[in-house]
Amino acid sequence: KAKEERGSACVFVPGMDEHLQLRRGLEADLRAAVQAREFELFYQPLFSLARNRVTGFEALLRWRSPRRGMVSPAEFIPLAEQTGLIVPIGEWVLRTACAEAAGWPEEVKVAVNLSPVQFRSRGLVETVREALQESGLAPARLELEITETVLLQETETVMSLLTRLHELGVSIAMDDFGTGYSSLSYLRRFPFDKIKIDQSFIRELQAPPAGAPAEPPGCAAVIVRAIVGLGESLGIQTIAEGVETAAQLAQLRQEGCTEVQGYFISPPRPAAEVGALLARLNPP
Ligand code: C2E
Ligand code: CA
Ligand code: CA
Ligand code: CA
């Protein structure tokens with residue numbers, strides 16, 4: 001039977017199944033990656049439809065592994081969460097994002113993803129406060145993105161953490177909105193500043209072919225319309241993610257969505273390219 005050897009290198013234990021071995025290997029590499037500083041942040045523009053300008057960037061974690069190549073966060077974040085490694089990694093993300101954003105124009109914000117595990121660890125509010133202080137970034141320029149899974153945990157604690165984060169002056173966005181079971185009830189309990197409409201709804205937005213008579217909106221379009229309307233009534237901004245085509249953007253503009261994000265504007269790019277992106281998308 002496989003003996004638990006937390007923190008050790010990947011060792012072969014007879015009888016250990018292949019999946020577990022692969023996981024152990026990944027965990028060992030991930031642990032080493034924290035020390036070896038193999039992480040990097042890419043940035044993807046958040047584009048305001050009202051202002052026709054980039055108003056911020058979402059920081060997206062990348063792992064450049066010498067052994068595995070570029071590893072997608074979808075592959076390593078779940079394991080980082082299970083092992084608790086997401087706590088030091090998330091701290092690095094916060095500090096790095098704040099430090100890099102401090103060099104951008106003042107009207108440009110940075111959005112950082114927070115894992116539910118970070119809400120269970122001690123010192124989240126202090127980490128955010130320190131990242132702001134060290135970098136000199138104005139709190140209003142930091143936005144924290146949380147998913148509904150954060151809110152599924154012991155609600156009292158999470159609500160008080162969110163309130164304390166709000167009190168620092170940062171804004172809070174609800175990520176992947178519409179994919180969970182009870183997104184709506186959370187809007188009543190916490191004053192979110194922004195709703196990020198999940199990309200699954202945007203993907204299904206169907207543009208009518210050019211010159212075709214107007215058709216009744218499809219299901220995804222009806223949902224997007226409802227979320228935008230909800231945001232308008234509650235005074236919450238709405239951003240659509242995963243916008244890949246001009247037609248999707250046009251439809252979102254028509255629905256009154258406040259911001260868009262997606263490959264159509266720009267894919268996530270390395271920090272060094274933020275200046276060039278701003279020069280192209282925010283002409284003086
Ligand atoms: P997310 O927060 O929902 O981020 C949006 C994902 O959609 C990103 O994937 C982004 O690259 C991708 N995307 C952007 N525009 C488009 C588009 O037009 N079409 C399509 N198909 N995809 C688009 P990415 O960078 O692979 O990140 C995946 C997930 O990993 C993120 O989903 C987020 O949940 C998590 N993640 C990324 N960075 C961090 C981090 O620093 N901390 C934590 N806790 N999670 C992170
Ligand atoms: Ca996000
Ligand atoms: Ca999302
Ligand atoms: Ca997502």
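We count ligands from 1, going down the list as the structure has it; atoms in each ligand are counted the same way.
In terms of polar-atom proximity, defined here as any N/O pair under 3.5 Å, Glu145 makes no such contact with ligand 1. Of the N or O atoms in Arg62, one or more lie within a sub-3.5 Å distance of an N or O in ligand 1. For the pair Gln199 and ligand 1, the shortest N or O to N or O distance falls below 3.5 Å. Distances between N or O atoms of Phe264 and those of ligand 1 include no value under 3.5 Å.
Between atom 27 (O) of ligand 1 and the options Pro78, Pro73, Ala59, the minimum heavy-atom separation is to Pro73. Heavy-atom proximity to atom 35 (C) of ligand 1, evaluated over Leu41, Asp175, Ile77, is greatest for Ile77. Selection from Ala74, Pro45, Pro268 by nearest heavy atom to atom 11 (O) of ligand 1 gives Pro268.
Defined by atom type and a distance below 3.5 Å, a donor-acceptor pair is missing between the side-chain atoms of Gln248 and Arg203. In this structure, a donor-acceptor pair under 3.5 Å is present between the side chains of Ser115 and Glu81. Defined by atom type and a distance below 3.5 Å, a donor-acceptor pair is present between the side-chain atoms of Asn52 and Arg253.
A distance-only check finds a donor-acceptor pair linking the side chain of Arg141 to the backbone of Ala101 [under 3.5 Å]. Asn282 contributes a side-chain N or O that, together with a main-chain N or O of Val54, makes up a donor-acceptor pair within less than 3.5 Å.
Atoms of ligand 1 lying under 4.0 Å from any heavy atom of Val93, numbered from 1 in the order shown and given with element: 41 (O). Taking every non-hydrogen atom of Gln44 and a distance limit under 4.0 Å, the qualifying atoms of ligand 1 come out as 14 (C), 15 (N). Those atoms of ligand 1 that come under 4.0 Å of a heavy atom in Glu244, given as number and element, are 17 (C), 18 (O), 19 (N), 20 (C), 21 (N). Near Asp176, meaning under 4.0 Å from any of its heavy atoms, are these atoms of ligand 1: 3 (O).
The atom of Glu145 that is an N, O or S and sits closest to the Ca ion (ligand 2) is OE1. Here the N, O or S atom of Glu241 that is nearest to the Ca ion (ligand 3) is OE2.
Of the charged side-chain nitrogens involved, at least one lies within less than 4.0 Å of a carboxylate oxygen, so that Glu91 and Arg95 count as a salt-bridged pair. Note on Lys196 versus Glu259: no salt bridge recorded, every NZ/NE/NH1/NH2 to OD/OE distance being 4.0 Å or above. No salt bridge links Glu38 with Arg64; every basic N to acidic carboxylate O contact stays at or beyond 4.0 Å. Ion pairing between Glu126 and Arg129 holds under the 4.0 Å rule for side-chain N and carboxylate O. Ion pairing between a basic and an acidic side chain is recognised when a charged N comes within 4.0 Å of a carboxylate O; Lys109 and Glu143 show such pairing.
Using a 4.0 Å heavy-atom cutoff, Lys196 is absent from the residues neighbouring ligand 1. Under the 4.0 angstrom criterion for non-hydrogen atoms, Gly242 is in contact with ligand 1. Using a 4.0 Å cutoff on heavy atoms, Glu58 counts as a contact of ligand 1.
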Run the side-chain hydrogen bond (donor to acceptor under 3.5 Å, both in side chains) test on Gln44 and Tyr263 for me, step by step, so that the C-alpha distance in whole Å, both residues' side-chain angles and the decisive distance to 0.1 Å come before the verdict. CA-CA 9 Å; Gln44 185 176 36; Tyr263 298 159; over 6 Å; no

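Angle subtended at the Ca ion (ligand 3) by Asp175 OD1 and Asp176 OD1: 90°, rounded to 10 degrees. Rounding to 10°, one obtains 90° for the angle at the Ca ion (ligand 2) between OE2 (Glu58) and OD1 (Asn113).
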